[in-house]
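Counting starts at 1 for both ligands and their atoms, following the listed order.
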Amino acid sequence: MVLCAVRQHLLRGSRGAWARFLQRQSRCCVYSSVHGFQQEEIREKLQAFPGGSIELLTQESGLAVLTINYPSRMNAFSGSMMVDLEERVSQLEGWTDGKGLIVQGASGTFCSGSDLNAVRALSNPQDGMKMCMFMQNTLTRLLRLPMISVALVEGRALGGGAELTTACDFRLMAPGSVIQFVHKHMGLVPGWGGAARLVRIVGSQNALKLLGGAVKVDPELALQIGLAEEVLQGEGAGTPLQRAENWLSVYTKGPAPVIQAVKKVVLSGRELPLSEALRTEKDVFGTVWGGPANMQALASKSKHR
Ligand SMILES: CCC(=O)SCCNC(=O)CCNC(=O)[C@H](O)C(C)(C)COP(=O)(O)OP(=O)(O)OC[C@H]1O[C@@H](n2cnc3c(N)ncnc32)[C@H](O)[C@@H]1OP(=O)(O)O
């Protein structure tokens, strides 16, 4: 009832207020203090395991590139990189011009999972669960960003690195690259939300095979089961990053509010029960209906031949 009143008020009020309301909704995390999760406490623990960085480059075109950068450890995630990632995701949430995001690893390889040195030091179940909640919150927010995201996989995406690829809308693989959920070999299962997302991407049968067999997924198999969208072929066609940018630009062409609306309606269809998804779709529709792009298209009497 109260929410309805707020919604009506916002609808009657500015379009910006409603957009901000929707944005806040998409920032909701999986875990909060209600679940015994104390963000600051775990941040402090993670910061005690430094090394590497997460770099964010935003471009005027509305595309951003997020780079996992710890080449001397094959881009494994140190504790401070987990905190960095959370901060970069916050920055992206506030980027009103954002339309597309490419997540890549530095120096020709994607990510070798969590830093095993940090894993050894945090090996008690309580700390492990806290790290897991922190990463689930961050990766859920990454997947829910109102922009179309791509994991550009070169080299290896192992363990948590494989999980990270599933927190993007699409996976593009370079020839010779591998995605491998190695968790079973480590006596583990995914904990960063990778299993839940994998089931939604490739179905439960394929997910069982990939996790149960710790299968090395090459580009051919990834295409076959729907884990990857494309293999970035062609030596002369620029760097893998340029090829990924070209691939993504097809889907991010157009005004930011429209591209963001596209992502929001697909996201709600993916995550919400049908009635709720339909209501969200209506709300998002209301943010673009009569908006500048819509008015311009009407004025130019655009044809779609
Ligand atoms: C969430 C659950 C998880 O993510 S559990 C972590 C899962 N990942 C792993 O177990 C990866 C273990 N590493 C490997 O299998 C190999 O190092 C891979 C990545 C295949 C690379 O092999 P190779 O090309 O021969 O290089 P290398 O072994 O000499 O590695 C270079 C340096 O990088 C390091 N490294 C690699 N991965 C990690 C990691 N996850 N954590 C910490 N350090 C890692 C290696 O130890 C090696 O370091 P150094 O040169 O010996 O000092």
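Remark: atom 14 (C) of ligand 1 lies closer than 4.0 Å to no protein heavy atom. Distance remark: protein heavy atom not present below 4.0 angstrom from atom 25 (O) of ligand 1. At least one protein heavy atom sits closer than 4.0 Å to atom 37 (N) of ligand 1. Within a 4.0 Å radius of atom 8 (N) of ligand 1, the protein contributes one or more non-hydrogen atoms. Within the 4.0 Å cut-off (strictly below), no protein heavy atom is located near atom 28 (O) of ligand 1. Protein heavy atoms come within 4.0 Å of atom 42 (C) of ligand 1. For atom 51 (O) of ligand 1, the nearest protein heavy atom is 4.0 Å or more away. Inside a 4.0 Å radius of atom 33 (O) of ligand 1 there is at least one protein heavy atom.
No donor-acceptor pair closer than 3.5 Å links the side chain of Lys263 to the backbone N or O of Ile148. Judged purely by atom type and a 3.5 angstrom limit, Thr138 has no side-chain atom pairing as donor or acceptor with the backbone of Glu86. Within the 3.5 Å criterion, the main-chain N or O of Val83 finds no donor-acceptor partner in the side chain of Arg43. When atom types are taken as modelled, the side chain of Asp84 and the backbone of Ile54 share a donor-acceptor pair closer than 3.5 angstrom. At least one donor-acceptor pair under 3.5 Å links the side chain of Asn75 to the backbone N or O of Phe110.
Counting only non-hydrogen atoms, the option in Cys132, Gly155, Gly161, Ser114 that gets closest to atom 3 (C) of ligand 1 is Ser114. Among Leu116, Asp115, Val119, the residue whose heavy atom lies closest to atom 12 (C) of ligand 1 is Leu116.
For ligand 1 and Gly113, the ligand atoms under 4.0 Å from any heavy atom of the residue are 4 (O). Heavy-atom proximity to Arg156, at under 4.0 Å, picks out these atoms of ligand 1: 20 (C), 21 (C), 24 (O). The ligand atoms of ligand 1 that sit less than 4.0 angstrom from a heavy atom of Gly159 are 4 (O). Counting atoms of ligand 1 from 1 in the listed order, those under 4.0 Å from a heavy atom of Val182 are 7 (C).
Side-chain contact between Met74 and Leu158: absent, with no pair of heavy atoms (C-beta onward) separated by less than 4.5 Å. In this structure, Ile179 and Leu210 have side chains that are not in contact, with every pair of non-hydrogen atoms separated by 4.5 Å or more.
When non-hydrogen atoms are compared, ligand 1 lies under 4.0 Å from the backbone of Ser72 (N, CA, C, O) but not from its side chain. Contact annotation: for Met186 versus ligand 1, heavy atoms closer than 4.0 Å belong to the side chain alone.
In this structure, the protein non-hydrogen atom closest to atom 30 (O) of ligand 1 is Met74 CG, 3.8 Å. Here the heavy atom of the protein found nearest to atom 39 (C) of ligand 1 is Ala76 CB, 3.5 Å. Scanning the protein heavy atoms around atom 44 (C) of ligand 1, the nearest turns out to be Arg73 O, 3.8 Å.
Residues Leu139 and Trp192 come closest through the heavy atom pair CD1-O, 3.6 Å.
Residue Ser112 places at least one N or O, backbone or side chain, under 3.5 Å from an N or O of ligand 1.
Under the salt bridge (Lys or Arg N to Asp or Glu O under 4.0 Å) rule, Asp169 has a single partner from Arg200, Arg197, Arg270, which is Arg270.
Under the 30°/60° scheme for interplanar angles, the aromatic rings of Tyr31 and Phe37 are found to be tilted.
Hydrophobic clustering places Met135 together with Phe181 (ILVMFWY residues linked when any side-chain heavy atoms are closer than 4.5 Å, directly or through intermediates).
No salt bridge links Glu93 with Arg144; every basic N to acidic carboxylate O contact stays at or beyond 4.0 Å.
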